[in-house]
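What follows is a set of notes on a single structure, which appears directly below.
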Protein chains: 2
Amino acid sequence: MKRIDPEWNHFHNINEDDNDFPTDLKYTIRLYKKNELIYRQGDLCDALNILMSGSVKTEMITESGNLMGIEIIKAPRPLAPAFLFSDNNRFPVDVTSLEEVEILRIPKDEVIRLMTSRPDFMQQFLTHNANRTQFLTNRLQLLSIKTIKGKIAHFLLEQANEEGKTFTLNRNQTELADFFGVARPSLARSLSEMVQEGLISIKNKEYTVLNAKGLRELLV
Amino acid sequence: MKRIDPEWNHFHNINEDDNDFPTDLKYTIRLYKKNELIYRQGDLCDALNILMSGSVKTEMITESGNLMGIEIIKAPRPLAPAFLFSDNNRFPVDVTSLEEVEILRIPKDEVIRLMTSRPDFMQQFLTHNANRTQFLTNRLQLLSIKTIKGKIAHFLLEQANEEGKTFTLNRNQTELADFFGVARPSLARSLSEMVQEGLISIKNKEYTVLNAKGLRELLV
DNA sequence: TTCAAAGTGTAACATTTGTTACACCTGAGA
DNA sequence: TCTCAGGTGTAACAAATGTTACACTTTGAA
(Lines give C-alpha, C1' and ligand atoms only; values in the text may rest on other atoms or scores of the structure.)
Protein backbone atom coordinates (compact mmCIF):
# COMPACT_ATOMS: atom_id res chain seq x y z
CA MET A 1 0.00 0.00 0.00
CA LYS A 2 1.16 3.46 -0.80
CA ARG A 3 2.05 5.47 2.23
CA ILE A 4 2.67 9.10 1.51
CA ASP A 5 2.07 11.21 4.55
CA PRO A 6 2.40 9.33 7.84
CA GLU A 7 -0.17 11.46 9.58
CA TRP A 8 -2.85 10.44 7.18
CA ASN A 9 -2.14 6.77 6.92
CA HIS A 10 -5.17 5.77 8.87
CA PHE A 11 -7.42 7.47 6.40
CA HIS A 12 -5.54 6.06 3.50
CA ASN A 13 -6.04 2.70 5.11
CA ILE A 14 -9.64 2.96 4.12
CA ASN A 15 -9.19 1.93 0.57
CA GLU A 16 -11.26 -0.19 -1.70
CA ASP A 17 -8.22 -2.25 -2.66
CA ASP A 18 -7.65 -3.12 0.94
CA ASN A 19 -8.60 -6.64 1.98
CA ASP A 20 -9.63 -5.18 5.26
CA PHE A 21 -12.11 -2.80 3.65
CA PRO A 22 -15.49 -3.29 5.30
CA THR A 23 -17.78 -4.87 2.74
CA ASP A 24 -20.99 -3.47 4.10
CA LEU A 25 -19.82 0.12 4.36
CA LYS A 26 -22.09 2.58 2.64
CA TYR A 27 -20.13 5.17 0.78
CA THR A 28 -20.01 7.03 -2.49
CA ILE A 29 -17.11 8.03 -4.63
CA ARG A 30 -17.44 11.22 -6.61
CA LEU A 31 -15.19 12.35 -9.40
CA TYR A 32 -14.57 15.97 -10.22
CA LYS A 33 -12.90 17.53 -13.21
CA LYS A 34 -10.37 20.29 -13.01
CA ASN A 35 -11.58 23.60 -11.55
CA GLU A 36 -14.91 22.33 -10.29
CA LEU A 37 -16.37 23.84 -7.15
CA ILE A 38 -16.65 20.86 -4.80
CA TYR A 39 -17.94 22.58 -1.71
CA ARG A 40 -19.07 26.10 -1.17
CA GLN A 41 -18.60 28.06 2.00
CA GLY A 42 -21.62 27.36 4.19
CA ASP A 43 -22.44 23.98 2.68
CA LEU A 44 -23.65 21.40 5.14
CA CYS A 45 -20.94 18.94 6.11
CA ASP A 46 -22.76 15.71 6.91
CA ALA A 47 -20.25 13.18 5.65
CA LEU A 48 -16.59 12.38 6.02
CA ASN A 49 -14.92 13.49 2.82
CA ILE A 50 -11.63 11.86 1.99
CA LEU A 51 -9.61 13.13 -0.91
CA MET A 52 -8.37 9.90 -2.50
CA SER A 53 -6.51 11.26 -5.50
CA GLY A 54 -5.73 14.61 -7.02
CA SER A 55 -5.49 17.93 -5.21
CA VAL A 56 -7.84 20.69 -4.20
CA LYS A 57 -7.60 24.33 -3.23
CA THR A 58 -9.12 25.69 -0.03
CA GLU A 59 -8.55 28.41 2.52
CA MET A 60 -8.38 26.38 5.68
CA ILE A 61 -5.52 26.24 8.09
CA THR A 62 -3.09 23.40 7.55
CA GLU A 63 -0.53 21.28 9.30
CA SER A 64 2.28 22.98 7.42
CA GLY A 65 1.65 26.12 9.41
CA ASN A 66 0.23 28.24 6.64
CA LEU A 67 -2.63 30.47 7.59
CA MET A 68 -5.72 31.31 5.61
CA GLY A 69 -5.06 32.35 2.07
CA ILE A 70 -5.21 29.81 -0.66
CA GLU A 71 -4.24 26.37 0.48
CA ILE A 72 -3.53 23.28 -1.57
CA ILE A 73 -4.46 19.88 -0.21
CA LYS A 74 -3.07 16.75 -1.82
CA ALA A 75 -4.43 13.22 -1.57
CA PRO A 76 -4.70 11.27 0.59
CA ARG A 77 -6.29 13.51 3.18
CA PRO A 78 -9.69 14.10 4.72
CA LEU A 79 -11.36 17.42 4.01
CA ALA A 80 -12.29 19.38 7.12
CA PRO A 81 -12.89 16.32 9.33
CA ALA A 82 -13.29 18.66 12.27
CA PHE A 83 -16.55 19.96 10.91
CA LEU A 84 -18.29 16.62 10.61
CA PHE A 85 -19.16 16.42 14.30
CA SER A 86 -19.23 20.07 15.25
CA ASP A 87 -22.48 21.79 16.15
CA ASN A 88 -21.98 24.26 13.35
CA ASN A 89 -21.25 21.64 10.72
CA ARG A 90 -20.78 23.83 7.69
CA PHE A 91 -17.76 24.25 5.46
CA PRO A 92 -15.85 27.37 6.41
CA VAL A 93 -14.41 27.92 2.94
CA ASP A 94 -14.77 27.03 -0.69
CA VAL A 95 -13.16 23.86 -1.96
CA THR A 96 -12.14 23.72 -5.62
CA SER A 97 -10.46 20.95 -7.58
CA LEU A 98 -7.09 21.75 -9.07
CA GLU A 99 -7.02 18.65 -11.27
CA GLU A 100 -9.06 15.49 -11.67
CA VAL A 101 -10.14 14.59 -8.19
CA GLU A 102 -11.61 11.54 -6.51
CA ILE A 103 -13.47 11.96 -3.24
CA LEU A 104 -14.65 9.16 -0.98
CA ARG A 105 -17.74 10.19 0.91
CA ILE A 106 -18.89 8.31 4.02
CA PRO A 107 -22.13 9.50 5.63
CA LYS A 108 -21.91 10.60 9.23
CA ASP A 109 -24.05 7.69 10.46
CA GLU A 110 -21.77 5.28 8.73
CA VAL A 111 -18.70 6.90 10.25
CA ILE A 112 -20.21 6.42 13.67
CA ARG A 113 -21.04 2.81 12.91
CA LEU A 114 -17.54 2.24 11.54
CA MET A 115 -16.02 3.66 14.66
CA THR A 116 -18.08 1.59 17.05
CA SER A 117 -17.44 -1.58 15.11
CA ARG A 118 -13.74 -0.97 14.56
CA PRO A 119 -11.98 0.38 17.62
CA ASP A 120 -8.71 0.74 15.72
CA PHE A 121 -10.33 3.10 13.26
CA MET A 122 -11.92 5.03 16.09
CA GLN A 123 -8.63 5.41 17.87
CA GLN A 124 -6.94 6.58 14.71
CA PHE A 125 -9.68 9.10 14.12
CA LEU A 126 -9.35 10.36 17.68
CA THR A 127 -5.59 10.54 17.42
CA HIS A 128 -5.85 12.54 14.27
CA ASN A 129 -8.20 15.05 15.86
CA ALA A 130 -6.05 15.23 18.96
CA ASN A 131 -2.91 15.88 16.94
CA ARG A 132 -4.65 18.58 15.01
CA THR A 133 -5.87 20.27 18.16
CA GLN A 134 -2.37 20.13 19.54
CA PHE A 135 -0.98 21.61 16.38
CA LEU A 136 -3.50 24.43 16.44
CA THR A 137 -2.80 25.14 20.10
CA ASN A 138 0.90 25.34 19.40
CA ARG A 139 0.40 27.59 16.43
CA LEU A 140 -1.89 29.81 18.44
CA GLN A 141 0.67 30.10 21.20
CA LEU A 142 3.27 31.16 18.69
CA LEU A 143 1.01 33.76 17.07
CA SER A 144 -0.13 35.16 20.38
CA ILE A 145 3.43 36.22 21.17
CA LYS A 146 3.56 39.79 19.99
CA THR A 147 7.23 40.49 19.42
CA ILE A 148 9.41 38.86 16.81
CA LYS A 149 12.12 38.14 19.35
CA GLY A 150 9.51 36.42 21.49
CA LYS A 151 8.46 34.19 18.61
CA ILE A 152 12.06 33.32 17.89
CA ALA A 153 12.65 32.53 21.56
CA HIS A 154 9.55 30.30 21.73
CA PHE A 155 10.60 28.47 18.61
CA LEU A 156 14.24 27.97 19.56
CA LEU A 157 13.43 26.86 23.09
CA GLU A 158 11.11 24.27 21.60
CA GLN A 159 13.80 23.02 19.25
CA ALA A 160 16.75 23.05 21.63
CA ASN A 161 16.65 20.33 24.24
CA GLU A 162 19.53 21.72 26.21
CA GLU A 163 21.20 25.04 26.65
CA GLY A 164 24.43 25.17 24.71
CA LYS A 165 23.43 22.39 22.36
CA THR A 166 23.77 23.13 18.67
CA PHE A 167 21.12 22.08 16.20
CA THR A 168 20.52 22.58 12.51
CA LEU A 169 17.39 24.16 11.09
CA ASN A 170 16.23 22.91 7.74
CA ARG A 171 14.43 26.15 6.98
CA ASN A 172 15.99 29.25 5.53
CA GLN A 173 15.22 32.75 6.78
CA THR A 174 12.47 33.33 4.27
CA GLU A 175 10.62 30.18 5.30
CA LEU A 176 11.13 30.99 8.95
CA ALA A 177 9.76 34.49 8.43
CA ASP A 178 6.67 33.04 6.71
CA PHE A 179 6.23 30.60 9.55
CA PHE A 180 6.28 33.44 12.05
CA GLY A 181 4.15 35.63 9.84
CA VAL A 182 6.69 38.47 9.73
CA ALA A 183 8.78 40.20 7.09
CA ARG A 184 12.12 38.62 6.24
CA PRO A 185 14.35 41.67 6.92
CA SER A 186 12.59 42.19 10.24
CA LEU A 187 13.39 38.61 11.21
CA ALA A 188 17.01 39.06 10.19
CA ARG A 189 17.26 42.23 12.24
CA SER A 190 15.84 40.54 15.33
CA LEU A 191 18.11 37.54 14.89
CA SER A 192 21.25 39.65 14.59
CA GLU A 193 20.22 41.69 17.63
CA MET A 194 19.76 38.49 19.63
CA VAL A 195 23.21 37.35 18.54
CA GLN A 196 24.68 40.68 19.63
CA GLU A 197 22.93 40.38 22.97
CA GLY A 198 24.60 37.02 23.49
CA LEU A 199 21.33 35.07 23.64
CA ILE A 200 22.07 32.80 20.71
CA SER A 201 24.71 32.15 18.12
CA ILE A 202 24.19 31.36 14.47
CA LYS A 203 26.62 29.87 12.00
CA ASN A 204 25.05 29.15 8.66
CA LYS A 205 21.95 27.20 9.61
CA GLU A 206 23.35 25.97 12.91
CA TYR A 207 21.72 27.60 15.90
CA THR A 208 22.94 27.47 19.48
CA VAL A 209 21.03 28.61 22.55
CA LEU A 210 23.53 30.41 24.75
CA ASN A 211 21.19 31.90 27.35
CA ALA A 212 17.95 29.96 27.79
CA LYS A 213 16.88 32.06 30.74
CA GLY A 214 17.25 35.24 28.74
CA LEU A 215 15.18 33.73 25.96
CA ARG A 216 12.40 32.82 28.36
CA GLU A 217 12.16 36.42 29.48
CA LEU A 218 11.22 37.40 25.95
CA LEU A 219 8.06 35.28 25.99
CA VAL A 220 6.16 37.96 27.96
CA MET B 1 -28.90 17.56 37.35
CA LYS B 2 -26.89 20.74 37.48
CA ARG B 3 -26.15 22.16 34.08
CA ILE B 4 -23.72 25.00 34.18
CA ASP B 5 -21.95 25.34 30.89
CA PRO B 6 -23.88 23.86 27.96
CA GLU B 7 -20.74 22.91 26.10
CA TRP B 8 -19.65 20.62 28.87
CA ASN B 9 -22.90 18.95 29.65
CA HIS B 10 -21.91 15.68 28.11
CA PHE B 11 -18.99 15.38 30.46
CA HIS B 12 -21.08 16.38 33.37
CA ASN B 13 -23.45 13.65 32.33
CA ILE B 14 -20.88 11.22 33.55
CA ASN B 15 -21.72 11.48 37.20
CA GLU B 16 -21.88 8.97 39.94
CA ASP B 17 -25.31 10.19 40.95
CA ASP B 18 -26.60 9.51 37.48
CA ASN B 19 -28.77 6.41 37.11
CA ASP B 20 -27.20 6.00 33.74
CA PHE B 21 -23.69 5.83 35.18
CA PRO B 22 -22.04 2.65 33.90
CA THR B 23 -21.65 0.31 36.86
CA ASP B 24 -18.62 -1.52 35.57
CA LEU B 25 -16.62 1.58 34.65
CA LYS B 26 -13.16 1.64 36.12
CA TYR B 27 -12.29 5.03 37.40
CA THR B 28 -10.69 6.80 40.30
CA ILE B 29 -11.61 10.00 42.02
CA ARG B 30 -8.82 12.05 43.50
CA LEU B 31 -9.18 14.91 45.89
CA TYR B 32 -6.72 17.76 46.07
CA LYS B 33 -6.36 20.48 48.65
CA LYS B 34 -5.89 24.11 47.82
CA ASN B 35 -2.70 25.01 45.96
CA GLU B 36 -1.65 21.45 45.17
CA LEU B 37 0.22 20.79 41.94
CA ILE B 38 -2.06 18.34 40.13
CA TYR B 39 -0.13 17.93 36.92
CA ARG B 40 3.24 19.17 35.94
CA GLN B 41 4.20 20.26 32.46
CA GLY B 42 5.43 17.16 30.63
CA ASP B 43 3.47 14.67 32.73
CA LEU B 44 2.08 11.75 30.80
CA CYS B 45 -1.61 12.13 30.04
CA ASP B 46 -2.98 8.60 29.91
CA ALA B 47 -6.44 9.16 31.35
CA LEU B 48 -9.40 11.41 30.82
CA ASN B 49 -9.39 13.90 33.67
CA ILE B 50 -12.67 15.53 34.49
CA LEU B 51 -12.77 18.32 36.98
CA MET B 52 -15.92 17.52 38.95
CA SER B 53 -15.83 20.28 41.54
CA GLY B 54 -13.64 23.20 42.44
CA SER B 55 -11.39 25.15 40.14
CA VAL B 56 -7.83 24.91 38.88
CA LYS B 57 -5.27 27.20 37.34
CA THR B 58 -3.49 26.37 34.07
CA GLU B 59 -1.95 28.12 31.12
CA MET B 60 -3.82 26.48 28.26
CA ILE B 61 -5.90 28.23 25.68
CA THR B 62 -9.58 28.45 26.46
CA GLU B 63 -12.98 28.81 24.91
CA SER B 64 -13.28 32.35 26.20
CA GLY B 65 -10.60 33.45 23.80
CA ASN B 66 -7.89 34.09 26.30
CA LEU B 67 -4.43 33.09 25.26
CA MET B 68 -1.73 31.56 27.37
CA GLY B 69 -1.10 33.30 30.64
CA ILE B 70 -2.77 32.04 33.74
CA GLU B 71 -6.10 30.45 33.09
CA ILE B 72 -8.78 29.42 35.54
CA ILE B 73 -10.91 26.35 34.84
CA LYS B 74 -14.07 25.73 36.82
CA ALA B 75 -15.93 22.46 37.23
CA PRO B 76 -17.43 20.70 35.42
CA ARG B 77 -14.87 20.46 32.63
CA PRO B 78 -12.37 17.98 31.30
CA LEU B 79 -8.71 18.86 31.61
CA ALA B 80 -6.84 18.88 28.31
CA PRO B 81 -8.97 16.17 26.66
CA ALA B 82 -7.14 16.85 23.43
CA PHE B 83 -3.97 15.39 24.81
CA LEU B 84 -5.39 12.02 25.76
CA PHE B 85 -5.26 10.63 22.25
CA SER B 86 -2.49 12.69 20.72
CA ASP B 87 0.84 11.12 19.80
CA ASN B 88 2.62 13.49 22.14
CA ASN B 89 0.34 12.86 25.10
CA ARG B 90 1.93 15.06 27.70
CA PHE B 91 0.50 17.98 29.58
CA PRO B 92 1.62 21.24 28.01
CA VAL B 93 1.37 23.24 31.23
CA ASP B 94 1.20 22.98 34.97
CA VAL B 95 -2.18 22.44 36.60
CA THR B 96 -2.66 23.71 40.14
CA SER B 97 -5.72 23.58 42.39
CA LEU B 98 -7.15 26.91 43.46
CA GLU B 99 -9.42 25.41 46.10
CA GLU B 100 -10.52 21.93 47.16
CA VAL B 101 -10.76 19.97 43.95
CA GLU B 102 -12.30 16.68 42.91
CA ILE B 103 -11.03 15.01 39.76
CA LEU B 104 -12.59 12.00 38.06
CA ARG B 105 -9.97 9.97 36.30
CA ILE B 106 -10.90 7.43 33.62
CA PRO B 107 -8.04 5.43 32.09
CA LYS B 108 -7.59 5.71 28.38
CA ASP B 109 -8.55 2.07 27.78
CA GLU B 110 -11.74 2.59 29.69
CA VAL B 111 -12.56 5.70 27.70
CA ILE B 112 -12.20 3.70 24.51
CA ARG B 113 -14.38 0.94 25.90
CA LEU B 114 -16.94 3.47 27.07
CA MET B 115 -17.08 5.02 23.65
CA THR B 116 -17.50 1.78 21.78
CA SER B 117 -20.20 0.61 24.14
CA ARG B 118 -22.06 3.91 24.29
CA PRO B 119 -22.39 5.64 20.94
CA ASP B 120 -24.06 8.65 22.53
CA PHE B 121 -21.03 9.27 24.70
CA MET B 122 -18.75 8.79 21.72
CA GLN B 123 -20.66 11.28 19.67
CA GLN B 124 -20.61 13.82 22.47
CA PHE B 125 -16.90 13.36 22.87
CA LEU B 126 -16.40 13.83 19.14
CA THR B 127 -18.64 16.87 19.07
CA HIS B 128 -16.69 18.43 21.88
CA ASN B 129 -13.40 17.92 20.10
CA ALA B 130 -14.86 19.18 16.85
CA ASN B 131 -16.20 22.32 18.48
CA ARG B 132 -12.88 22.96 20.08
CA THR B 133 -11.03 22.56 16.80
CA GLN B 134 -13.47 24.93 15.19
CA PHE B 135 -12.98 27.44 17.95
CA LEU B 136 -9.21 27.24 17.65
CA THR B 137 -9.38 27.60 13.87
CA ASN B 138 -11.51 30.70 14.20
CA ARG B 139 -9.25 32.20 16.79
CA LEU B 140 -6.22 31.46 14.64
CA GLN B 141 -7.83 33.12 11.65
CA LEU B 142 -8.47 36.21 13.71
CA LEU B 143 -4.92 36.34 15.05
CA SER B 144 -3.38 35.74 11.67
CA ILE B 145 -4.87 38.98 10.38
CA LYS B 146 -2.10 41.48 10.89
CA THR B 147 -3.86 44.83 10.98
CA ILE B 148 -6.31 45.99 13.62
CA LYS B 149 -8.76 47.15 10.98
CA GLY B 150 -8.60 43.69 9.45
CA LYS B 151 -9.42 42.06 12.75
CA ILE B 152 -12.32 44.42 13.27
CA ALA B 153 -13.58 43.71 9.76
CA HIS B 154 -13.35 39.95 10.29
CA PHE B 155 -15.19 40.19 13.57
CA LEU B 156 -17.95 42.51 12.38
CA LEU B 157 -18.56 40.55 9.17
CA GLU B 158 -18.96 37.46 11.32
CA GLN B 159 -21.47 39.19 13.58
CA ALA B 160 -23.49 41.02 10.96
CA ASN B 161 -25.71 38.79 8.89
CA GLU B 162 -26.62 41.50 6.42
CA GLU B 163 -25.15 44.73 5.27
CA GLY B 164 -26.94 47.66 6.83
CA LYS B 165 -28.26 45.63 9.72
CA THR B 166 -27.63 47.01 13.18
CA PHE B 167 -26.58 44.78 16.03
CA THR B 168 -25.53 45.30 19.61
CA LEU B 169 -22.22 44.15 21.03
CA ASN B 170 -22.21 43.12 24.64
CA ARG B 171 -18.51 43.90 25.02
CA ASN B 172 -17.01 47.26 25.71
CA GLN B 173 -13.92 48.56 23.94
CA THR B 174 -11.54 47.27 26.58
CA GLU B 175 -12.87 43.74 26.31
CA LEU B 176 -12.85 43.93 22.54
CA ALA B 177 -9.24 45.11 22.56
CA ASP B 178 -8.27 42.18 24.80
CA PHE B 179 -10.10 39.80 22.49
CA PHE B 180 -8.13 41.12 19.52
CA GLY B 181 -4.92 41.23 21.50
CA VAL B 182 -4.33 44.95 20.85
CA ALA B 183 -4.13 48.09 22.96
CA ARG B 184 -7.37 49.87 23.74
CA PRO B 185 -6.50 53.32 22.33
CA SER B 186 -5.23 51.65 19.14
CA LEU B 187 -8.57 49.90 18.75
CA ALA B 188 -10.45 53.15 19.34
CA ARG B 189 -8.33 54.91 16.73
CA SER B 190 -8.95 52.22 14.15
CA LEU B 191 -12.67 52.21 14.89
CA SER B 192 -13.01 55.95 14.50
CA GLU B 193 -11.02 55.86 11.25
CA MET B 194 -13.34 53.18 9.93
CA VAL B 195 -16.33 55.32 10.86
CA GLN B 196 -14.76 58.31 9.06
CA GLU B 197 -14.15 56.15 6.01
CA GLY B 198 -17.83 55.26 5.94
CA LEU B 199 -17.27 51.54 6.44
CA ILE B 200 -19.26 51.25 9.64
CA SER B 201 -21.24 53.37 12.04
CA ILE B 202 -21.24 53.15 15.81
CA LYS B 203 -23.76 54.55 18.24
CA ASN B 204 -23.12 53.53 21.80
CA LYS B 205 -22.67 49.79 21.50
CA GLU B 206 -24.76 49.48 18.35
CA TYR B 207 -22.69 48.67 15.30
CA THR B 208 -23.83 48.86 11.68
CA VAL B 209 -21.97 47.55 8.67
CA LEU B 210 -22.34 50.17 5.94
CA ASN B 211 -19.91 48.81 3.36
CA ALA B 212 -19.39 45.05 3.59
CA LYS B 213 -17.30 44.97 0.42
CA GLY B 214 -14.95 47.57 1.80
CA LEU B 215 -14.57 45.57 4.99
CA ARG B 216 -13.70 42.43 3.08
CA GLU B 217 -10.85 44.25 1.36
CA LEU B 218 -9.25 44.80 4.75
CA LEU B 219 -8.89 41.07 5.37
CA VAL B 220 -5.80 40.86 3.10
C1' DT C 1 36.50 26.80 -12.09
C1' DT C 2 32.90 29.91 -13.24
C1' DC C 3 28.62 31.73 -13.08
C1' DA C 4 23.94 32.46 -11.86
C1' DA C 5 20.53 31.93 -8.46
C1' DA C 6 19.29 31.77 -3.97
C1' DG C 7 20.15 33.19 0.55
C1' DT C 8 21.79 36.65 3.91
C1' DG C 9 23.08 41.20 6.28
C1' DT C 10 21.91 45.72 6.69
C1' DA C 11 20.62 50.49 6.01
C1' DA C 12 17.09 54.34 5.35
C1' DC C 13 12.71 55.38 5.59
C1' DA C 14 7.45 54.60 6.03
C1' DT C 15 3.76 52.74 8.53
C1' DT C 16 1.47 50.76 12.20
C1' DT C 17 0.77 50.06 16.78
C1' DG C 18 1.74 50.82 21.71
C1' DT C 19 2.09 54.10 25.67
C1' DT C 20 0.76 57.67 28.36
C1' DA C 21 -2.03 61.19 29.48
C1' DC C 22 -6.06 63.71 29.85
C1' DA C 23 -10.77 65.58 28.83
C1' DC C 24 -15.32 64.31 28.19
C1' DC C 25 -19.46 61.59 28.64
C1' DT C 26 -22.73 58.53 30.75
C1' DG C 27 -25.26 55.99 34.12
C1' DA C 28 -26.08 54.14 38.73
C1' DG C 29 -26.40 55.11 43.17
C1' DA C 30 -26.19 58.28 47.42
C1' DT D 1 -29.69 66.36 42.02
C1' DC D 2 -24.84 65.30 42.69
C1' DT D 3 -21.04 62.42 42.40
C1' DC D 4 -18.00 59.15 41.04
C1' DA D 5 -16.48 55.25 38.49
C1' DG D 6 -16.25 53.25 34.28
C1' DG D 7 -16.20 53.90 29.56
C1' DT D 8 -14.87 56.59 25.43
C1' DG D 9 -12.30 59.89 22.16
C1' DT D 10 -8.07 61.66 21.04
C1' DA D 11 -3.51 63.69 20.98
C1' DA D 12 1.71 63.46 21.31
C1' DC D 13 5.23 60.68 21.32
C1' DA D 14 7.87 56.08 21.47
C1' DA D 15 8.73 51.63 19.77
C1' DA D 16 8.30 47.90 16.71
C1' DT D 17 7.79 46.23 12.36
C1' DG D 18 7.27 46.61 7.32
C1' DT D 19 9.21 48.16 2.79
C1' DT D 20 12.57 48.82 -0.43
C1' DA D 21 16.96 48.58 -1.96
C1' DC D 22 21.42 46.89 -2.52
C1' DA D 23 25.83 44.55 -1.58
C1' DC D 24 27.79 40.44 -0.05
C1' DT D 25 27.99 35.26 0.54
C1' DT D 26 26.94 30.62 -0.34
C1' DT D 27 25.56 26.94 -3.24
C1' DG D 28 25.08 24.03 -6.96
C1' DA D 29 25.22 23.05 -11.66
C1' DA D 30 27.39 23.72 -16.20
Side-chain angles (χ1 to χ4, degrees), chain A residues 66-69 142-156 159 166-208 210 214-215 217-220, chain B residues 66-69 142-156 159 166-208 210 214-215 217-220:
Chain A
N66 287 333
L67 303 171
M68 306 184 61
L142 187 66
L143 274 190
S144 69
I145 298 172
K146 304 266 172 59
T147 64
I148 296 184
K149 286 187 186 180
K151 290 174 208 266
I152 296 171
H154 176 87
F155 180 75
L156 291 183
Q159 301 284 319
T166 298
F167 56 94
T168 307
L169 279 190
N170 53 352
R171 317 189 192 215
N172 61 32
Q173 275 194 5
T174 307
E175 290 167 339
L176 211 53
D178 281 349
F179 183 67
F180 290 152
V182 301
R184 204 268 310 164
S186 302
L187 177 68
R189 172 173 40 200
S190 293
L191 280 174
S192 70
E193 282 173 12
M194 288 169 82
V195 169
Q196 279 201 331
E197 292 159 5
L199 294 172
I200 57 176
S201 78
I202 308 175
K203 193 173 183 180
N204 284 343
K205 287 180 180 175
E206 307 212 319
Y207 291 70
T208 310
L210 299 177
L215 287 183
E217 283 169 5
L218 294 172
L219 297 181
V220 182
Chain B
N66 287 334
L67 302 173
M68 308 183 61
L142 187 67
L143 275 189
S144 68
I145 297 172
K146 305 266 173 60
T147 64
I148 296 184
K149 286 187 185 179
K151 290 173 207 266
I152 296 171
H154 176 86
F155 180 74
L156 291 183
Q159 302 284 319
T166 298
F167 55 93
T168 307
L169 278 191
N170 53 353
R171 318 190 191 213
N172 61 31
Q173 275 193 6
T174 307
E175 290 167 339
L176 210 52
D178 280 348
F179 183 67
F180 290 151
V182 301
R184 204 269 309 163
S186 303
L187 177 67
R189 173 173 42 199
S190 293
L191 279 174
S192 69
E193 281 173 12
M194 288 169 81
V195 169
Q196 280 201 332
E197 291 160 7
L199 294 172
I200 58 177
S201 78
I202 308 176
K203 192 175 183 178
N204 284 343
K205 286 181 181 177
E206 305 211 322
Y207 291 70
T208 310
L210 299 177
L215 287 183
E217 284 169 5
L218 293 173
L219 298 180
V220 183

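Proteins come first, then strands; the chains are lettered A, B, ... in the order of their sequence lines, and each starts at number 1. Remember, it's a predicted structure, so these values are computed and weren't measured experimentally.
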- Considering non-hydrogen atoms only, spot the tightest contact between B:Gln173 and B:Ala188 and give its length.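 Closest approach of B:Gln173 to B:Ala188, heavy atoms only: OE1-CB, 3.5 Å.
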
When the distance from [atom1] of [X] to [atom2] of [N] is rounded to whole Å, what number comes out?
X: B:Glu193; N: C:dT15; atom1: CD; atom2: P; value: 13 Å
X: B:Lys205; N: C:dG27; atom1: NZ; atom2: P; value: 11 Å
X: A:Ile145; N: C:dG18; atom1: CD1; atom2: P; value: 16 Å
X: A:Asn204; N: C:dG9; atom1: CG; atom2: P; value: 9 Å
X: B:Met194; N: D:dG9; atom1: CE; atom2: P; value: 14 Å
X: B:Leu187; N: C:dT19; atom1: CG; atom2: P; value: 14 Å
X: A:Asp178; N: D:dT17; atom1: CG; atom2: P; value: 17 Å

- Phosphate OP1/OP2 of D:dG9: any B:Gln173 side-chain N/O under 4.0 Å: yes

- Task: Could you tell me whether the phosphate oxygens of D:dG7, OP1 or OP2, come under 4.0 Å of any side-chain nitrogen or oxygen in B:Thr174?
- Result: no

Considering only side-chain heavy atoms of [X], which listed nucleotide, [options], is closest?
X: A:Ser186; options: C:dT17, D:dT10, D:dT17; result: D:dT17
X: A:Asn172; options: C:dT19, C:dT8, C:dT17; result: C:dT8
X: B:Pro185; options: D:dA12, D:dG18, C:dA21; result: C:dA21
X: A:Arg189; options: D:dT10, C:dT17, D:dT17; result: D:dT17
X: B:Arg184; options: C:dT17, C:dA21, D:dG18; result: C:dA21

- Donor-acceptor under 3.5 Å (A:Lys151 side chain, A:Ile145 main chain): yes

- With a 4.0 Å cut-off on heavy atoms, is A:Leu191 in touch with a base, just the backbone sugar-phosphate, or nothing at all?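 Here A:Leu191 touches no strand at all.
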
- Stepwise side chain to side chain contact (heavy atoms under 4.5 Å, CB included) check, A:Leu187 with A:Ile152: CA-CA 9 Å; A:Leu187 177 68; A:Ile152 296 171; 3.7 Å; yes

- Message: Please verify the inter-ring angle class for A:Phe167 with A:Tyr207; under 30° counts as parallel, over 60° as perpendicular, anything in between as tilted.
- Response: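 Geometry flag for A:Tyr207 against A:Phe167: parallel rings.
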
- Message: Testing B:Ile202, B:Ile148, B:Leu215 one by one against B:Met194 for a side-chain contact (heavy atoms from CB on, under 4.5 Å), which residue passes?
- Response: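 The option that passes is B:Leu215.
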
- Query: For DNA chain C, whose closest nucleotide is more 5', that of A:Lys146 or that of A:Glu175?
  - Reply: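 The residue whose closest nucleotide sits nearer the 5' end is A:Glu175.
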
